[in-house]
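In what follows, a single structure is set out as structure tokens and then discussed.
Atom set for the values below is all heavy atoms of this structure, side chains included, hydrogens, waters and symmetry mates excluded. No experiment lies behind these values; they were computed from the predicted model shown.
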Amino acid sequence: MKFSASLVILLVSVAFAQAEAACPYPQAPQSVPNGGYATKDEMLAAQQAIKEYQDEVEKTFLPCLDQEKAEALANLDPNAANYQEMKTLIESIHAKRHNAAIDELQAMALRWSEEIKAFNARNEK
């Protein structure tokens with residue numbers, strides 16, 4: 001039975017690795033200007049890049065993940081002996097990918113917020 005469970009986990013992992021090509025992980029902007037020194041144009045360009053990243057996460061990546069999860073669950077055989085194990089594994093992988101994307105997006109938003117504060121503080125003088 002252990003061999004069978006390991007094989008199932010391996011097959012699900014391979015399926016999700018292939019599905020990642022269908023739901024490519026969005027790339028966060030590589031750099032955020034230092035608000036203490038950046039020009040207005042640099043800040044506006046960064047703001048646009050961050051907005052595009054946010055849109056890609058929220059409007060493309062997360063819905064793609066949801067669809068991927070729904071399809072994977074629909075393809076499971078509810079009569080299979082390992083149905084619940086497979087369902088739990090699919091849901092766990094989906095949650096991890098979803099949460100990783102949200103965590104990275106929130107980290108970017110926090111960093112951007114700090115740079116905006118620094119930019120605004122510098123320009124209030």
Side-chain angles (χ1 to χ4, degrees):
M1 183 64 180
K2 282 202 178 251
F3 175 73
S4 177
S6 297
L7 181 60
V8 166
I9 290 171
L10 175 65
L11 291 174
V12 169
S13 297
V14 168
F16 271 99
Q18 291 173 339
E20 279 192 43
C23 298
Y25 195 80
Q27 290 294 314
Q30 296 300 309
S31 64
V32 174
N34 181 325
Y37 303 102
T39 65
K40 182 177 180 180
D41 288 341
E42 290 171 329
M43 294 299 283
L44 289 173
Q47 181 180 27
Q48 182 61 34
I50 291 167
K51 174 89 172 106
E52 289 171 5
Y53 166 66
Q54 178 183 6
D55 285 349
E56 185 163 341
V57 169
E58 294 175 348
K59 296 178 182 176
T60 304
F61 183 70
L62 296 180
C64 183
L65 281 184
D66 290 341
Q67 181 179 350
E68 176 184 283
K69 175 185 162 191
E71 289 172 2
L73 291 174
N75 287 330
L76 289 179
D77 178 3
N79 298 316
N82 61 350
Y83 172 78
Q84 192 58 47
E85 178 184 3
M86 292 296 297
K87 182 177 183 273
T88 300
L89 183 60
I90 289 168
E91 290 170 342
S92 174
I93 291 170
H94 174 269
K96 287 176 183 175
R97 292 178 68 201
H98 180 275
N99 292 345
I102 295 297
D103 289 347
E104 187 173 3
L105 181 59
Q106 288 175 336
M108 176 60 67
L110 181 61
R111 182 167 176 216
W112 176 244
S113 177
E114 292 300 316
E115 298 306 337
I116 286 290
K117 287 177 189 174
F119 179 81
N120 289 337
R122 184 188 87 207
N123 289 303
E124 287 177 359
K125 296 178 181 179

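- The hydrophobic clustering, which links ILVMFWY residues whose side-chain heavy atoms are closer than 4.5 Å, places Ile50 and Leu44 apart.
- When side chains are defined from C-beta on, Phe119 counts as touching Lys40, because their heavy atoms get closer than 4.5 Å.
- With hydrogens and angles ignored, the 3.5 Å screen pairs a side-chain donor or acceptor of Thr88 with a backbone N or O of Gln84.
- The side chain to side chain donor-acceptor pair (under 3.5 Å) test applied to Asp66 returns His94, not counting sequence neighbours.
- Gln48 is listed as a side-chain neighbour of Glu52, based on a closest heavy-atom distance under 4.5 Å.
- Between the CD atom in Glu56 and the SG atom in Cys64 there is a gap of 10.5 Å [rounded to 0.5 Å].
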Candidate pair Leu73 and Glu91, rule side-chain contact (heavy atoms from CB on, under 4.5 Å), full reasoning: CA-CA 9 Å; Leu73 291 174; Glu91 290 170 342; 4.3 Å; yes
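- Nearest approach of Pro63 to Val57, heavy atoms of both residues: CD-O, 4.3 Å.
- A search for ring pair (Phe, Tyr, Trp, His ring centres under 6.0 Å) contacts involving Tyr53 returns nothing, not counting sequence neighbours.
- To the nearest 0.5 Å, atom CG of residue Leu65 and atom OG1 of residue Thr60 are 11.0 Å apart.
- Here the side chain of Glu42 pairs a donor or acceptor atom with the backbone of Thr39 at under 3.5 angstrom.
- Interatomic distance, Leu110 CG to Leu105 CG, rounded to the nearest 0.5 Å: 11.5 Å.
- When all heavy atoms are compared, the tightest approach of Ala118 to Gly36 is CB-N, 3.8 Å.
- Here the CD-CG distance, from Gln67 to Leu62, works out to 13.0 Å after rounding to the nearest 0.5 Å.
- Between Glu114 and Lys117 there is a salt bridge, since a side-chain N of the basic residue sits under 4.0 Å from a carboxylate O of the acidic one.
- Between the CG atom of Asn34 and the CE atom of Met43 there is a distance of 8.5 Å, given to the nearest 0.5 Å.
- Between Ile90 and the choices Glu85, Lys69, Glu68, the side-chain contact (heavy atoms from CB on, under 4.5 Å) rule is met once, by Lys69.
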side-chain contact (heavy atoms from CB on, under 4.5 Å) between Glu104 and Tyr25, intermediate numbers included: CA-CA 11 Å; Glu104 187 173 3; Tyr25 195 80; 2.8 Å; yes
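- Between the side chain of Arg97 and the main chain of Ser92, no donor-acceptor pair closer than 3.5 Å is present.
- Note that the CH2 atom of Trp112 and the NZ atom of Lys51 stand 13.5 Å from one another [nearest 0.5 Å].
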side-chain contact (heavy atoms from CB on, under 4.5 Å) evaluation trace for Met108 with Val32: CA-CA 9 Å; Met108 176 60 67; Val32 174; 3.6 Å; yes
